[in-house]
Each structure stands twice: as C-alpha cells, then as structure tokens.
Amino acid sequence: KSLDEVDVAVKKIEKWIEERRSVVEVLANVEARNINIEHEQQLYFLDVATDFSAKAVYLGMEDGQFISSDRWEPPLG
C-alpha cells in the first residue's frame, strides 16, 4: 500500500479511538453527577449513546452493579 493509504488508515483508527475515549470520559462523569437512581442513570446512558451514535453504552462496577443504555443485563454467573 502507498504511504498515503497508510496515513489515511492511521487517521481513521486514531479518530475511532478518540471517539471511544470521549464516550468513556462522558460516562465517567456519572459518579461526578451523583446520579444514584438506576433509572436516571439508564436514561443518561441512553442520551450518551445517542449523542455518540453508539448502539449501546454500559458501565460495570466493582460491586457488580451494571448499567446499560439499552437495558441489557448480563447473564448470571
């Protein structure tokens, strides 16, 4: 491949990574926003998913809590 094609591919990958990092930073603000009601968190995540044109976004915490914008729940176990 030509150097130009490689540069284009690198820029696309860098943009993709930056977009995903932005989503993570926005979701990290959940704690800062002090949203404690799961339904409100889910609605906030839905807004974030829409803003970033994502199918879904989710957050899993050390205590086992899991919040998803699309209400998906991981299987038990």
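Heavy-atom basis, side chains included; hydrogens, waters and symmetry copies ignored.
Following chains of ILVMFWY side-chain contacts shorter than 4.5 Å, one can reach Ile13 starting from Trp16, so the two form part of one hydrophobic cluster. No chain of hydrophobic side-chain contacts below 4.5 Å, direct or via other Ile, Leu, Val, Met, Phe, Trp or Tyr residues, connects Val6 to Val8.
Distance check, rounded to the nearest 0.5 Å: CD of Glu5 to CG of Leu3 gives 10.0 Å. Glu14 CD to Asp7 CG: the interatomic distance, rounded to the nearest 0.5 Å, is 9.5 Å.
A donor-acceptor contact under 3.5 angstrom links the side chains of Asp70 and Ser68, judged on distance only.
The minimum heavy-atom distance linking Ser69 with Ala56 is given by the pair OG-CA, 3.2 Å.
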